[in-house]
Amino acid sequence: CIRDRAISVEGASDMDQAPGDDSHWYVTYIFERKIRRFATSVDSPEAEVVLDLSSTPGRVRSMAFHPEFASNGKIYVHIHNGTTLEQPTTIREYTWSDSLGAFDPSSERLILAVDSTQDAIEKGEHPGGNLNFGPDGYLYTALGDGTDPGYFNENAQLTDNLWGSLLRIDVDGGTPYTIPADNPFADGGGRPEIYAWGFRHPWKWTFDRDTGEIWLADVGFVNREEIDLVVKGGNYGWPMREGFIKCPKCQHDKITVDVDPDELIDPVVDYGRDLGRSVTGGYVYRGQLIPELWGVYVFADYLSGNIFAVRNGGVSVDTPEVLTQTSINIVTFAQDIHGELY
């Protein structure tokens with residue numbers, strides 16, 4: 001279920017095609033802080049740098065093309081920074097320049113800045129960082145809980161901050177953005193950008209291009225990895241829950257947030273350490289080359305190399321199906337404009 005191509009993706013964190021254009025792929029390079037473009041044709045293997053952010057502190061996690069990219073040339077980039085309190089995690093907008101044949105760095109517009117936590121400075125950080133435009137035209141991104149893999153905190157349950165949440169904003173409605181009127185906290189009670197919360201380290205989430213459903217992979221703590229089907233206003237349980245179970249290593253006596261357990265939403269599937277240790281989200285397959293995978297959610301585990309399938313939509317299951325075992329550290333999947341998986 002993987003199509004291969006001999007292009008260097010060392011340090012790659014995301015790969016996309018522009019809306020309606022299958023002639024090129026765009027790849028973000030996390031440590032180099034660059035976006036490269038290469039032609040889909042195997043006769044043109046050279047990749048060219050189309051955005052150089054190497055002078056910008058942080059790590060480039062992902063990008064998203066504006067749905068009207070063909071006419072406005074806008075792209076959005078998530079840049080994670082967890083090294084100092086003075087350097088927040090940001091979403092930035094850049095515009096394509098025909099004269100440069102690249103995105104113009106001087107066109108940069110800061111969309112969103114999320115201050116780093118003290119935990120992030122002292123221990124590292126769960127950044128999340130995947131960016132996607134939804135079928136509603138709004139820009140979505142997910143952030144982790146702002147702490148290190150060996151720790152936990154309450155950020156994902158504290159809706160007065162943006163950590164541990166899936167966010168939704170309207171980048172076309174104002175400067176730098178406006179809040180969709182039906183966001184859960186648009187009228188108060190929490191940060192208005194929040195769409196859903198209770199996540200630990202959401203590493204890759206995507207829309208089903210047919211149904212609009214949001215499938216999110218949340219990296220576990222000690223015992224479980226999980227896949228969530230996200231709904232507006234949903235609370236997915238971290239740090240009270242890890243997958244389907246009560247988080248066994250979380251110090252529950254130190255959790256001060258009062259949450260009704262009945263309000264926590266179970267994952268679609270979780271799995272234990274026999275299958276992997278770090279989930280990588282994928283896509284619901286909507287291509288034509290592999291008809292037996294039509295409508296199947298395909299994802300992977302970074303450390304085990306397993307590629308999994310969930311075939312029964314949003315109905316919870318005990319364990320995912322293993323499609324194939326690999327020796328690859330799978331950082332991300334990609335989907336072309338025709339719905340094929342890479």
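The analysis underlying the following values was restricted to heavy atoms, covering all of them including side chains, and did not include hydrogens, waters or symmetry mates.
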Ion pair check, Glu193 and Arg191, cut-off under 4.0 Å: yes
Would you find a donor on one side and an acceptor on the other, under 3.5 Å apart, between the side chain of Arg209 and the backbone of Ile337? yes
Any cation-pi pair here, Arg92 with Tyr76, using under 6.0 Å and within 45°? no
Treating Arg200 as the side-chain partner and Gly220 as the backbone partner, does any N or O pair qualify as donor plus acceptor under 3.5 Å? yes
Within-4.5 Å side-chain heavy-atom neighbours: Tyr195 and Ser165: no
Judged by atom type as modelled, is there a donor-acceptor pair below 3.5 Å linking the side chain of Arg33 to the main-chain atoms of Ser54? yes
Keeping the roles fixed (side chain from Thr326, backbone from Gly305), state whether a donor-acceptor pair exists under 3.5 Å. yes
Honestly, is Arg37 close enough over Trp25, meaning NZ or CZ under 6.0 Å from the six-membered ring centre and within 45° of the axis? no
Do you know which two heavy atoms are closest between Val50 and Gly101, and how far apart they sit? CG1-O, 4.2 Å
As an exercise, state the distance from OH of Tyr283 to CG of Asp336, rounded to the nearest 0.5 Å. 10.0 Å
Do you see a donor-acceptor pair shorter than 3.5 Å between the side chains of Glu108 and Tyr94? yes
Got a sec: does the CZ of Arg168 have more than 12 other heavy atoms crowding it under 6.0 Å? yes
How long is the span from the NE2 atom in His80 to the CG atom in Leu143, to the nearest 0.5 Å? 10.0 Å
Would you say Trp203 and Val331 make side-chain contact, with heavy atoms under 4.5 Å? yes
Heavy-atom closest contact (Gly282 atom, Phe299 atom, distance): N-CB, 3.7 Å
Is there side-chain contact between Trp215 and Glu213, with at least one heavy-atom pair below 4.5 Å? yes
CD1 on Ile245 to CG on Asp270, rounded to 0.5 Å: 7.5 Å
Test log, rule ring-ring contact (aromatic ring centres under 6.0 Å, His included), inputs His24 and Phe38: CA-CA 6 Å; His24 289 85; Phe38 64 86; 8.4 Å; no
Less than 4.5 Å apart, side chain to side chain, heavy atoms only: is that true for Leu264 and Met240? yes
Side-chain contact test, heavy atoms from C-beta onward, threshold under 4.5 Å: evaluate it for Ile330 versus Thr332 and give yes or no. no
Checking the side chain of Ser97 only, and the main-chain atoms of Asp104 only, is there a donor and an acceptor separated by less than 3.5 Å? no
Close side-chain approach of Ile35 and Val49, heavy atoms under 4.5 Å: no
Using a cut-off of 6.0 Å, state whether more than 12 heavy atoms not belonging to Asp187 lie near its atom CG. no
Quick one: side chain to side chain contact (heavy atoms under 4.5 Å, CB included) partners of Leu275, sequence neighbours excluded? Tyr271, Asn306, Phe308, Thr319, Pro320, Val322
Could you state the interatomic distance from CD1 (Ile307) to CZ (Phe333), rounded to the nearest 0.5 Å? 5.0 Å
Could you walk me through whether Glu242 and Arg224 pass the salt bridge (charged side-chain N to carboxylate O under 4.0 Å, His left out) check? CA-CA 6 Å; Glu242 185 182 6; Arg224 314 298 293 178; over 6 Å; no
Taking the inter-plane angle between the rings of Phe65 and Phe103 on a 0 to 90° scale, is it parallel (under 30°), tilted (30 to 60°) or perpendicular (over 60°)? tilted
Side chains of Ile30 and Val60: closer than 4.5 Å at any heavy-atom pair? no
Hey, what do you get for CD1 (Ile194) to CD1 (Ile179), rounding to the nearest 0.5 Å? 10.0 Å
Is there a donor-acceptor contact under 3.5 Å linking the side chains of Tyr236 and Glu226? no
Hey, is the main chain of Asp14 close enough, under 3.5 Å, to the side chain of Thr28 for a donor-acceptor pair? yes
Checking Glu225 against Ser278: is there a side-chain donor and acceptor pair closer than 3.5 Å? no
N/O donor-acceptor pair under 3.5 Å between Asn183 side chain and Pro192 backbone: yes
Which residue pairs pass the salt bridge (Lys or Arg N to Asp or Glu O under 4.0 Å) test when at least one of the two sits in residues 321-333, sequence neighbours left out? Arg311-Glu321
Between Glu154 and Val257, is the side-chain contact (heavy atoms from CB on, under 4.5 Å) condition met? List the steps. CA-CA 7 Å; Glu154 296 180 296; Val257 183; 3.4 Å; yes
Compare every heavy atom of Ile79 with every heavy atom of Gly58, then report the nearest pair and how far apart it is. CA-CG2, 4.1 Å
Would Ser23 and Thr40 satisfy side-chain hydrogen bond (donor to acceptor under 3.5 Å, both in side chains), going step by step from the backbone distance to the final call? CA-CA 5 Å; Ser23 65; Thr40 306; 5.9 Å; no
Can Asp208 and Thr211 be counted as having a side-chain donor-acceptor contact under 3.5 angstrom? yes
Taking the six-membered ring for Trp and the single ring otherwise, decide whether the centroids of Phe199 and Trp238 are under 6.0 Å apart. no
About how many Å separate CG of Asn153 and CG of Asp145, when rounded to the nearest 0.5 Å? 4.5 Å
Could you check Leu162 against Leu167 for side-chain contact (heavy atoms from CB on, under 4.5 Å), going step by step and ending with a plain yes or no? CA-CA 8 Å; Leu162 299 181; Leu167 314 179; 3.9 Å; yes
His201 and Asp218 side chains, donor-acceptor separation under 3.5 Å: no
Could you check His78 against Asn130 for side-chain hydrogen bond (donor to acceptor under 3.5 Å, both in side chains), going step by step and ending with a plain yes or no? CA-CA 7 Å; His78 179 109; Asn130 205 173; over 6 Å; no
Set out, in order, the CA-CA distance, both residues' side-chain angles and the distance that settles salt bridge (charged side-chain N to carboxylate O under 4.0 Å, His left out) for Arg277 and Asp301, then state yes or no. CA-CA 7 Å; Arg277 300 185 65 87; Asp301 189 275; over 6 Å; no
Contact summary for Cys250 and Pro239, nearest pair of heavy atoms: SG-O, 3.4 Å
For residues Val231 and Ile265, determine if any side-chain heavy atom of one lies less than 4.5 Å from a side-chain heavy atom of the other. yes
Checking side chain to side chain contact (heavy atoms under 4.5 Å, CB included) between Leu216 and each of Val268, Thr206, Val230, which is the one that passes? Val230
Val77 vs Leu53, test: side-chain contact (heavy atoms from CB on, under 4.5 Å). Steps then yes/no. CA-CA 10 Å; Val77 181; Leu53 300 175; 4.2 Å; yes
To check you understand the geometry: which heavy-atom pair defines the closest contact between Leu341 and Val298, and what is its length? CD1-CB, 3.8 Å
Shortest non-hydrogen separation from Ala217 to Thr280 and the atoms involved: CB-C, 4.1 Å
Is it true that Gln335 and Asp16 share a donor-acceptor pair across their side chains at a distance under 3.5 Å? no
Working note: His66 + Asp172, criterion side-chain hydrogen bond (donor to acceptor under 3.5 Å, both in side chains); need CA distance, chi angles, decisive distance, verdict. CA-CA 10 Å; His66 193 284; Asp172 295 321; 3.0 Å; yes
